Amino acid sequence: MENTELDRNVDVNELTFEMTKRVRQYMKGLIEHEGSDLHIKANSQVRARINGDIVTVTKEKITKEESIMLAKEMLRRRFAEFVEKKEIDFLYVYDEKIRFRGNMFFQMDGVSAVFRVIPVEIMTIDQLELPEALHKLTDISRGLVLVTGVTGSGKSTTLAALIDEINRKHRKHIITIEDPIEFVHKDRKCLINQRSIGQDSLSFANALRSALREDPDIILVGEMRDVETIDTALHAAETGHLVFSTLHTLDAKETINRIISVFPAEDQNRVRNTLASVLEGVLSQRLVKTVDGKKTAAVEILFNTSYIQKLILEGRDMEIKDALDEGTQIYGTQSFDTALLKLYQKDKISMKEALRHASSPSDLKLRIEGMNANIKAGEAGESAFIPEHDSDIFALKED
C-alpha cells in the first residue's frame with residue numbers, strides 16, 4: 001500500500017470507534033473459546049487461533065477502508081508512526097482482567113492486525129504445571145537465564161512466573177525492558193521498573209546500557225534481537241547482574257550456537273568463553289496439544305553444570321542433548337524428548353502428538369515402545385496369580 005493514500009494526521013474527536021467496538025466483540029468470542037490470537041486482515045474474514053488451529057469466525061469480510069479506520073482508532077496519534085514504519089507493536093486494554101498485545105502491519109490488500117491475549121493475572125510456576133526444577137532459577141543472584149521457543153510458545157508467560165516468584169521471595173531491584181510491556185508486576189518485596197521500547201526508550205540496546213547505571217539486581221530483556229543487545233546482556237551477567245531474556249530458538253544446543261554465531265569470527269572464542277562462564281539456564285519450550293484439546297508446555301531444561309560448561313567451552317554442542325538426560329536425576333535437567341515422554345507417561349498427550357514435536361521422533365518412538373513393553377510385562381507378571389477363568393475375562397476386555 002502506498003503511503004500517499006493515507007492521511008497521517010488523526011483527529012481523535014472525529015473518530016466514531018465503531019470498528020473498535022466490532023473488534024471487541026471478536027475479542028470477547030476469542031476469550032470465551034479460550035483462543036490465543038485474533039487475526040484481522042483487509043479483504044478477508046476474521047480468524048482466530050483456538051487450540052493451536054486457525055479457524056474462521058465471521059462470514060463478513062473486513063474491507064480495506066475498515067482496516068485503515070481500525071488502525072486510526074486503536075493507534076490514534078501513533079498512526080503517523082505506523083504509516084512511516086509500516087508495522088507497529090502496541091498494547092490494547094480490553095478490561096481489568098485481559099489485555100492484548102497487538103501488532104499491525106501493511107500488506108498488499110490494506111492493513112492486517114494480530115491480537116495476542118495477555119491475562120492480567122500472573123500464574124505461578126506450579127499453576128502453569130512447569131517442571132519443579134524451575135524454582136531454583138528464582139534463587140540465583142547472577143548470570144544469564146534464557147527462555148526460548150517459537151512465537152506463541154509461552155516464553156513471556158514463563159518469564160512472568162519467574163519474575164513474580166522472585167518478587168514474592170527476595171528484596172531486589174528489577175528492571176524489565178519490553179516491546180511492549182505484557183505482564184504488569186506490582187511492587188511486592190521487589191522494586192520493579194518496567195520500560196517499553198518506543199515509549200520509554202528508543203531500543204533494547206539503549207535501555208540495557210542505561211539499566212547498568214540504574215542500580216539493578218535483575219534485568220529482564222524482552223528479546224535479544226541484535227549483536228549489541230546480546231553483547232551488553234553478556235556483560236551485565238558478567239558484572240554480577242542476573243539477566244533474563246528470550247530467543248527464537250528451538251532448543252538449548254541451537255540457543256548456544258545462535259548466540260555465538262551472531263558475532264564476527266574473531267570474537268566467537270571470547271563470546272563462547274563468556275557464555276560458558278555466565279550462563280545459568282536455558283528453558284526451551286514447545287506448546288503441545290493435550291488429550292483433552294488444550295495446550296501444555298514441554299520444556300527442555302539446561303542448567304550450566306560443570307560438564308555442560310566443559311561442552312560449551314570445547315564446542316561439543318552436539319553432546320548437550322545426551323548430557324541433559326544424564327543429569328535428570330541429579331540436576332533436574334532434561335531434553336525435549338524426555339519432557340514429551342513424561343507428558344505421555346502422565347496420559348496428558350498422545351503418542352502421535354509426542355512424536356510430532358520430538359527432536360528425534362524415531363528415538364522417542366523406541367523409548368515409548370520400550371516403556372509400553374515393560375508395562376505390559378509387568379501386568380502379565382501380576383496376572384500370573386489370577387485364576388484361569390478370570391484371565392479369559394481380562395482378555396475379552398482388552399479386545
Side-chain angles (χ1 to χ4, degrees), residues 81 84-91 101 103 105 140-151 153 155-156 158-159 162-163 173-182 192-284 302 304 312-313 315 317:
E81 177 189 347
E84 179 182 354
K85 295 182 177 179
K86 308 288 181 68
E87 58 261 329
I88 193 167
D89 292 313
F90 61 99
L91 201 67
R101 182 182 71 196
N103 177 277
F105 56 96
I140 58 179
S141 57
R142 63 184 61 84
L144 177 66
V145 176
L146 298 171
V147 182
T148 80
V150 299
T151 300
S153 58
K155 298 186 296 295
S156 297
T158 297
L159 276 175
L162 291 168
I163 294 297
H173 178 204
I174 302 173
I175 296 175
T176 77
I177 305 165
E178 303 169 75
D179 184 19
I181 294 170
E182 297 187 18
I192 303 183
N193 282 297
Q194 296 188 254
R195 306 190 68 196
S196 177
I197 300 302
Q199 177 177 312
D200 304 315
S201 183
L202 295 178
S203 69
F204 279 111
N206 285 350
L208 185 50
R209 283 197 305 271
S210 178
L212 295 177
R213 300 188 295 273
E214 294 158 4
D215 188 35
D217 298 292
I218 299 167
I219 305 170
L220 184 151
V221 184
E223 185 180 344
M224 297 204 299
R225 294 180 176 175
D226 52 59
V227 173
E228 186 178 4
T229 302
I230 295 173
D231 202 27
T232 308
L234 290 171
H235 174 69
E238 200 173 21
T239 53
H241 302 87
L242 177 57
V243 180
F244 290 93
S245 192
T246 70
L247 280 172
H248 292 286
T249 48
L250 292 177
D251 56 27
K253 175 178 64 66
E254 184 186 337
T255 299
I256 292 165
N257 287 334
R258 177 73 60 83
I259 290 174
I260 294 169
S261 64
V262 298
F263 288 85
E266 61 270 19
D267 290 334
Q268 290 183 5
N269 281 337
R270 171 185 66 83
V271 173
R272 182 177 289 277
N273 289 335
T274 302
L275 185 62
S277 172
V278 304
L279 187 66
E280 284 291 335
V282 179
L283 310 176
S284 300
L302 177 148
N304 198 8
I312 295 173
L313 284 170
D317 303 336

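For reference, positions follow the sequence shown, starting with 1. If you're wondering where the values come from, they're calculated on a predicted model, not measured in any experiment.
- Listed here is the closest heavy atom pair of A237 and V243: N-CG2, 3.9 Å.
- When all heavy atoms of T246 and G222 are compared, the closest pair comes out as OG1-O, 2.6 Å.
- G149 approaches K155 most closely through the heavy-atom pair O-NZ, 3.2 Å.
- R101 places no side-chain N or O within donor-acceptor distance of the main-chain N or O of P180, the cut-off being under 3.5 Å.
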Query raised in the report: What's the verdict on side-chain contact (heavy atoms from CB on, under 4.5 Å) for Q194 and E178, showing C-alpha distance, side-chain angles and the deciding distance?
Result: CA-CA 8 Å; Q194 296 188 254; E178 303 169 75; 3.1 Å; yes
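- Judged purely by atom type and a 3.5 angstrom limit, N304 uses its side chain to pair as donor or acceptor with the backbone of L279.
- Within 6.0 Å of atom NE2 in H235, 12 or fewer heavy atoms from other residues, nucleotides or ligands are found, so the atom counts as exposed in its surroundings.
- The side-chain contact (heavy atoms from CB on, under 4.5 Å) search around L247 returns L146, T148, M224, T249, T255, I259, not counting sequence neighbours.
- Applying the side-chain hydrogen bond (donor to acceptor under 3.5 Å, both in side chains) rule to T158 yields the partners Q285; only residues at least two apart in sequence or on another chain are considered.
- In this structure a side-chain-to-backbone donor-acceptor pair under 3.5 Å is present from S245 to V221.
- I177 approaches F204 most closely through the heavy-atom pair O-CE2, 3.2 Å.
- In plain terms, the two heavy atoms of E214 and R195 that are nearest each other are OE2-NH1, 4.2 Å.
- Formation of a donor-acceptor pair under 3.5 Å by the K86 side chain with backbone atoms of F105 is not found in this model.
- In terms of modelled atom types and a separation under 3.5 Å, the side chain of S277 and the main chain of N273 share no donor-acceptor contact.
- The structure places CG of L302 at 10.0 Å from CG of D251, a figure rounded to the nearest 0.5 Å.
- H241 places no side-chain N or O within donor-acceptor distance of the main-chain N or O of D217, the cut-off being under 3.5 Å.
- Looking only at atom types and distance, the side chain of R209 has a donor-acceptor partner in the side chain of N206 under 3.5 Å away.
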